[in-house]
**Student:** 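Quick one: structure below, then a few questions.
Atoms within each ligand, like the ligands themselves, are counted from 1 in listed order.
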Amino acid sequence: MEQKTYIVRCGEVALKGMNKPYFERMLVDRIRRSLKKIGSGIEVRRDEGLIFVRTPLELEEEVTLKAITKVFGVASVSPAVEIDIEEGSAQDILDKIGAAAVDYMMNLIEKRGIKTFKVDAKRANKQFPVQSPEIGRIIGASVLKGCKVLAVDVHNPDCKLFVHVRRGKAYVFEQKVSGFGGLPLGTNGKGMVLLSGGIDSPVAAFMMAKRGMMIEAIHFHSYPYTSERAWEKVQDLASIVANYCGRFTIHSINLLPIQEAIVANCPEDEITILVRRFMMRLAERVAQETGCLMLITGENIGQVASQTAEALVVTDASVQMPVMRPLIAMDKVDIMDIAKEIGTYETSILPYEDCCTVFLPKHPSTKPKLPRILESESHLDVDALVEAALESRTSTVIYPQE
Ligand code: ATP
Ligand code: MG
């Protein structure tokens with residue numbers, strides 16, 4: 001049966017010493033799951049440091065590439081022509097590869113009008129008696145003979161033709177489509193992301209998932225000050241994140257009673273930082289209950305009043321659980337670039353209200369001190385407020401958008 005073949009390179013997974021088989025198995029499993037959504041009869045196999053995907057001919061290349069490249073742990077993918085070289089003399093085998101290379105290039109001439117090329121050969125099977133540079137020269141000569149319009153250009157070719165000779169099979173291919181790299185999902189526990197409707201937190205979730213962490217999310221609203229539409233926006237954002245990290249649960253909590261208690265009992269300039277400490281406490285409680293090991297936020301040092309160094313210290317002091325802030329040292333433009341790349345940006349910038357914009361102080365404290373904040377909190381029944389807020393929790397399963 002004729003099939004399309006794809007060579008998948010594993011980025012960092014390839015560096016994992018003793019644990020390499022575990023990471024590779026996880027990666028194969030993730031690729032299989034992603035491909036299962038686009039069709040049947042797809043085969044995914046590991047073979048000496050690479051992963052080979054074989055699909056039915058009718059499955060579109062673009063769709064397959066997309067499904068593979070969005071899997072964390074994939075460094076790059078190449079659609080390739082696979083040549084069976086199980087039998088025959090070295091000469092026969094090189095003739096066979098040469099013929100396949102000619103067909104491949106004819107197709108590129110027709111499709112893209114390429115005029116120059118260069119062969120890059122690699123011999124993974126060291127038992128094959130012809131060395132890589134010689135393989136390159138022989139296949140280059142075959143292509144020149146079979147495709148009269150082509151010339152060799154070693155410096156700036158229109159097409160770099162890769163030839164890989166492995167045990168029993170050889171491959172010719174041209175492009176390498178980049179993946180995200182990272183590590184396969186599920187290799188690094190689960191984290192609770194505080195997901196707002198903004199630009200940053202979906203990117204933070206994506207970045208932790210990219211390192212193999214499963215995601216669960218919590219969102220705070222101030223209904224009726226925040227609308228149903230704002231909550232829908234958050235769910236839309238979550239489902240885009242789920243395209244990469246798979247289905248996950250988002251917990252939603254009404255923060256309004258806490259905000260009102262703070263406004264009524266504490267200094268105005270401390271409202272934001274006090275609210276943030278409650279968010280953390282609530283997130284930690286739900287995280288503990290759902291098996292999350294850490295909290296994840298989209299905070300970024302110096303971005304706003306609540307994210308100065310002093311404010312972050314005071315925020316952290318409200319919880320025991322480690323708080324991951326993958327965007328901490330990034331510039332906003334770079335965060336925005338990632339948001340655009342993963343497809344969350346357009347939804348993030350939709351203008352719906354967030355609970356943080358309700359009761360915004362005119363002059364928020366940028367250098368809060370913990371003793372003063374604790375003093376302000378002593379005017380609140382923190383435990384009772386937390387318990388009551390947890391009562392308002394609803395949990396929704398978010399499915400990938402695509
Ligand atoms: P973002 O673009 O993620 O909204 P931001 O720059 O607007 O970030 P803040 O509003 O100060 O920053 O929030 C900082 C972080 O706190 C967010 O990245 C998110 O992790 C968390 N957060 C803020 N608002 C909410 C909310 N309504 N629900 C859940 N988490 C929130
Ligand atoms: Mg925000």
Side-chain angles (χ1 to χ4, degrees), residues 191-209 215-223 225-227 229-235 237-238 240-241 249-256 258-259 271-287 292 294-308 311-312 314-316 318-319 321 323-328 330-340 342 344-361 364-366 368 389 392-396 398:
M192 177 65 73
V193 60
L194 285 82
L195 195 67
S196 69
I199 295 169
D200 302 335
S201 46
V203 174
F206 170 85
M207 285 179 70
M208 293 307 284
I215 295 299
E216 186 131 343
I218 188 162
H219 175 72
F220 302 100
H221 63 88
S222 313
Y223 190 78
Y225 288 90
T226 57
S227 64
R229 189 62 196 89
W231 166 232
E232 281 166 17
K233 170 187 165 179
V234 173
Q235 293 179 79
L237 273 178
I240 302 172
V241 174
T249 302
I250 182 164
H251 307 272
S252 170
I253 287 184
N254 190 347
L255 209 58
L256 188 58
I258 290 178
Q259 290 173 300
I271 293 174
T272 309
I273 190 79
L274 289 166
V275 168
R276 296 205 58 75
R277 282 167 58 86
F278 274 95
M279 282 187 180
M280 290 296 187
R281 290 186 183 105
L282 292 164
E284 182 180 52
R285 283 288 296 276
V286 181
C292 293
M294 38 187 72
L295 304 178
I296 302 164
T297 77
E299 286 165 309
N300 172 253
I301 198 154
Q303 196 183 80
V304 286
S306 62
Q307 295 172 28
T308 60
L312 291 173
V314 172
T315 303
D316 261 7
S318 59
V319 286
M321 215 175 240
V323 182
M324 297 294 123
R325 299 181 168 96
L327 314 183
I328 195 70
M330 288 175 73
D331 285 348
K332 190 77 184 187
V333 285
D334 299 325
I335 300 170
M336 280 158 61
D337 281 348
I338 299 179
K340 285 173 191 162
I342 65 175
T344 51
Y345 184 77
E346 293 300 326
T347 307
S348 288
I349 59 173
L350 293 174
Y352 293 104
E353 65 293 332
D354 180 66
C355 73
C356 295
T357 53
V358 183
F359 310 117
L360 208 58
S365 156
T366 54
S392 76
R393 176 178 129 194
T394 60
S395 303
T396 312
I398 300 290

**Student:** Enumerate the atoms of ligand 1 whose separation from the nearest heavy atom of Ile218 is less than 4.0 angstrom.
**Tutor:**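 Those qualifying, in numeric order: 29 (C).
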
**Student:** With a distance cut-off below 6.0 Å to the six-membered ring centre and an angular limit of 45° from the axis, does Lys233 pair with Tyr352 as a cation-pi contact?
**Tutor:**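 Ring-cation test returns no.
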
**Student:** I need the atoms of ligand 1 closer than 4.0 Å to a non-hydrogen atom of Arg276, numbered in the order shown.
**Tutor:**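 Under 4.0 Å from Arg276, ligand 1 has these atoms: 11 (O), 13 (O), 14 (C), 15 (C), 16 (O), 21 (C), 23 (C).
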
**Student:** Answer whether the closest heavy-atom distance between the side chains of Leu194 and Ile296 falls below 4.5 Å.
**Tutor:**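 Side-chain contact under 4.5 Å: no.
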
**Student:** Does the side chain of Ser201 pick up a donor-acceptor pair with the side chain of Ser196 at under 3.5 Å?
**Tutor:**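 Result is yes, a qualifying pair exists.
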
**Student:** Does ligand 1 come near enough to Ser196 that some N or O of the ligand is less than 3.5 Å from an N or O of the residue?
**Tutor:**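 Yes - when backbone and side-chain N and O of Ser196 are compared with those of ligand 1, one distance drops under 3.5 Å.
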
**Student:** For His221 and His219, take the angle between the two ring planes, folded into 0 to 90°, and tell me which bin it lands in: parallel under 30, tilted 30 to 60, perpendicular over 60.
**Tutor:**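 Correct class here is parallel.
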
**Student:** Looking only at distances, can you tell me whether any N or O atom of Ile296, backbone or side chain, sits closer than 3.5 Å to an N or O atom of ligand 1?
**Tutor:**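 No; the residue has no nitrogen or oxygen that sits under 3.5 Å from a nitrogen or oxygen of the ligand.
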
**Student:** Using only heavy-atom distances, determine whether the side chains of Ser227 and Glu353 contain a donor-acceptor pair under 3.5 Å.
**Tutor:**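 Glu353 and Ser227 do have a side-chain donor-acceptor pair below 3.5 Å.
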
**Student:** What atoms of ligand 1 come closer than 4.0 angstrom to any heavy atom of Gln307?
**Tutor:**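 Selected atoms, number and element: 9 (P), 11 (O), 12 (O), 13 (O), 14 (C).
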
**Student:** Using a 4.0 Å cut-off to any heavy atom of Asp354, which atoms of ligand 1 qualify?
**Tutor:**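 Under 4.0 Å from Asp354, ligand 1 has these atoms: 24 (N), 27 (N).
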
**Student:** Report yes or no: does Gln307 contribute a side-chain atom to a donor-acceptor pair with the main-chain N or O of Asn300 at less than 3.5 Å?
**Tutor:**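 Looks like yes, one N/O pair under 3.5 Å.
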
**Student:** Can you tell which part of Ser306 has a heavy atom less than 4.0 Å from ligand 1: side chain, backbone, both or neither?
**Tutor:**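 Side chain only.
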
**Student:** Within the 4.0 Å heavy-atom shell around Gln303, which atoms of ligand 1 are there?
**Tutor:**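 By the 4.0 Å cutoff, the relevant atoms are 5 (P), 6 (O).
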
**Student:** In Å and rounded to the nearest 0.5 Å, what is the CE to CD1 distance from Met279 to Ile218?
**Tutor:**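 Spacing of CE (Met279) from CD1 (Ile218) equals 9.5 Å.
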
**Student:** Please check whether Gly298 reaches ligand 1 - meaning an N/O of the residue sits under 3.5 Å from an N/O of the ligand, judged on distance alone.
**Tutor:**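 Yes, since at least one N or O of Gly298 sits under 3.5 Å from an N or O of ligand 1.
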
**Student:** Is Ile199 in polar range of ligand 1, meaning some N or O pair under 3.5 Å apart?
**Tutor:**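 Right, the criterion is met.
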
**Student:** Report yes if some N/O of Pro202 lies less than 3.5 Å from some N/O of ligand 1; otherwise report no.
**Tutor:**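 No; the residue has no nitrogen or oxygen that sits under 3.5 Å from a nitrogen or oxygen of the ligand.
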
**Student:** Is the backbone N or O of Tyr225 less than 3.5 Å from a side-chain atom of Ser222, with the two atoms forming a donor-acceptor pair by type?
**Tutor:**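 Here the side-chain-to-backbone pair does not exist.
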
**Student:** Relative to the heavy atoms of Thr297, which atoms of ligand 1 are at a distance of less than 4.0 Å?
**Tutor:**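 Counting from 1, the qualifying ligand atoms are 20 (O).
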
**Student:** Suppose we screen for side chain to side chain contact (heavy atoms under 4.5 Å, CB included). Which residues come up paired with Ala287, at least two apart in sequence or across chains?
**Tutor:**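 Here the qualifying residues are Met192, Cys292, Leu295, Met321.
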
**Student:** Numbering the atoms of ligand 1 from 1, which are under 4.0 Å from a heavy atom of Leu195?
**Tutor:**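 The list of qualifying atoms is 28 (N), 29 (C), 30 (N).
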
